Enquirer: 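Below: one structure in structure tokens.
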Amino acid sequence: MDLQECRRELDRIDRTIVELFEQRMAVCGEVAASKIASGKAVYDAAREEQKLDTVEHLAHGDFNPAAVRDLFTHMMSVSRHYQYRLLAEHGVKPGLGFERVAGLDTSGARIVYQGVEGAFSHAASLKYFGDDADLYHVETFEAAVREVEEGRADYGVLPIENSSAGAVVDMYDLLSRYQTYIVGEIFLPVSHALLVGPDTRLEDIRTVYSHPQALMQCSSYLNSQGWKQVSCLNTAMAAKKVLEDGDRMQAAVASEIAGRLYGLCALKTSIQNSQGNTTRFVILSKRAVYCEDAGRISISFEIPHRSGSLYNILGNFVFNGVNMALIESRPIPGRNWEYRFFVDVEGNLDQASVVNALTGIGETAQNLRILGNY
């Protein structure tokens with residue numbers, strides 16, 4: 001056959017495939033009706049694996065068996081998405097364990113943040129909860145999350161992402177280990193200054209202290225000076241160290257607010273690489289609540305270590321029209337080459353499309369957790 005004849009023949013075959021696909025989906029609708037009546041789960045891993053083995057052995061040649069298996073894997077995934085939708089339309093929805101509220105109750109609340117006064121977390125806490133908020137601080141991210149989980153703090157304010165330096169990976173590990181929930185977020189523009197004691201000149205400086213993220217965010221300027229860069233727990237603690245040591249060869253990278261708080265001078269301002277640099281902070285609570293106007297959902301899950309697993313999981317968002325905003329992965333301790341994924345999507349737990357997507361992920365992924373809707 002010449003090219004045009006091949007195309008005509010493919011068109012004919014494709015019409016037949018579409019007809020057969022629609023027949024298959026109609027039967028899937030009957031399967032969903034049966035599962036609605038019986039209460040059976042949509043996903044049956046053993047049945048799907050048996051089916052894939054069967055269709056793979058029906059194909060011939062070197063290429064076709066694996067291709068047919070891939071085709072049917074995707075087709076059965078589409079079938080599940082359709083069945084979840086039908087179940088939702090008949091009122092069969094899972095309990096997600098979250099309470100819908102009109103707004104966060106912050107009256108009389110205690111708020112914890114990591115660092116000391118003058119740190120960016122302190123500034124973010126004031127911006128979100130107001131100048132009169134009952135704030136206190138702890139040394140580490142983990143200590144702050146633990147304060148919330150154990151009920152000593154009503155809310156925690158912690159950084160999770162920076163527009164230039166990326167994810168604060170330690171926070172993702174903590175979100176998976178502790179039973180807390182994201183109930184809000186706030187964006188804080190970050191402007192770093194080079195802070196020194198009153199008598200220090202630029203040529204005196206030999207060592208600069210700051211948080212690793214801040215050093216990374218100011219890398220162009222700092223590297224051009226050839227100074228030794230030393231990490232601290234946060235930017236304000238770096239400023240405090242420079243003040244207490246009184247060493248003219250030391251400087252800190254921190255906010256101008258921290259400089260004023262600790263009596264340091266700003267030799268240079270806005271030394272960050274990106275002038276649009278912004279950090280996203282999350283607000284943590286022990287309560288699994290979400291506001292009625294929430295528009296972002298964070299989840300985590302694990303998947304089998306085999307080809308196509310992540311693709312099939314993310315298909316739940318595609319087929320339900322849910323937009324994915326972020327994806328991060330973190331290695332799972334004690335399980336070499338296996339990863340936990342963290343995904344942010346747009347939506348609200350009231351929306352059927354979101355519930356359908358989460359239901360599909362929950363049945364096929366391992367250890368799905370909804371980290372918050374905010």
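It should be emphasised that the depicted structure is a prediction, and the values quoted were computed from it without experimental measurement.
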Enquirer: To the nearest 0.5 Å, what is the distance between OG on Ser300 and CZ on Arg330?
Expert: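 So the OG of Ser300 and the CZ of Arg330 are separated by 13.0 Å.
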Enquirer: For the residue pair Tyr155 and Phe129, is the inter-centroid distance of their aromatic rings smaller than 6.0 Å?
Expert: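 Yes - the distance between ring centres of Tyr155 and Phe129 falls below the 6.0 Å cut-off.
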Enquirer: Going by the rule side-chain hydrogen bond (donor to acceptor under 3.5 Å, both in side chains), which residues pair with Gln366 if we only count those two or more places apart in sequence or in a different chain?
Expert: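 If we apply the side-chain hydrogen bond (donor to acceptor under 3.5 Å, both in side chains) test to Gln366, skipping adjacent residues, there are no hits.
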Enquirer: Taking 4.0 angstrom as the limit, do Arg146 and Glu142 come out as a salt bridge?
Expert: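 Answer for the salt bridge query: yes.
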Enquirer: So, does His74 use its side chain to make a donor-acceptor pair with the main chain of Asp70 at under 3.5 Å?
Expert: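 Checked: no pair found.
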Enquirer: Determine, stepwise, if the pair Phe187 / Phe281 fulfils ring-ring contact (aromatic ring centres under 6.0 Å, His included).
Expert: CA-CA 6 Å; Phe187 295 84; Phe281 290 81; 9.5 Å; no
Enquirer: For Ile205, which fellow cluster members are found when Ile, Leu, Val, Met, Phe, Trp and Tyr are connected by side-chain heavy-atom distances below 4.5 angstrom, either directly or through intermediates?
Expert: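 Same cluster as Ile205: Leu194, Val196, Leu202, Val208, Leu215, Tyr221, Leu222, Trp227, Val253, Leu267, Ile271.
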Enquirer: Would you mind reporting whether Gln114 and Leu233 have side-chain heavy atoms less than 4.5 Å apart?
Expert: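 Of all side-chain heavy-atom pairs linking Gln114 with Leu233, at least one is under 4.5 Å.
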Enquirer: Under the 3.5 angstrom rule, does the side chain of Ser163 hit a backbone N or O of Thr278 as a donor-acceptor pair?
Expert: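 Flag set: sc Ser163 to bb Thr278 pair under 3.5 Å.
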Enquirer: Measure the CD1-CG distance between Ile111 and Leu135 for me, rounded to the nearest 0.5 Å.
Expert: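 The distance works out to 5.5 Å.
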Enquirer: Less than 6.0 angstrom separating the ring centers of Phe317 and His81, yes or no?
Expert: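 Centroid distance Phe317-His81: not below 6.0 Å, so no.
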Enquirer: Can Arg8 and Asp11 be counted as an ion pair, charged N to O under 4.0 angstrom?
Expert: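 A salt bridge is absent here (no side-chain N lies under 4.0 Å from a carboxylate O).
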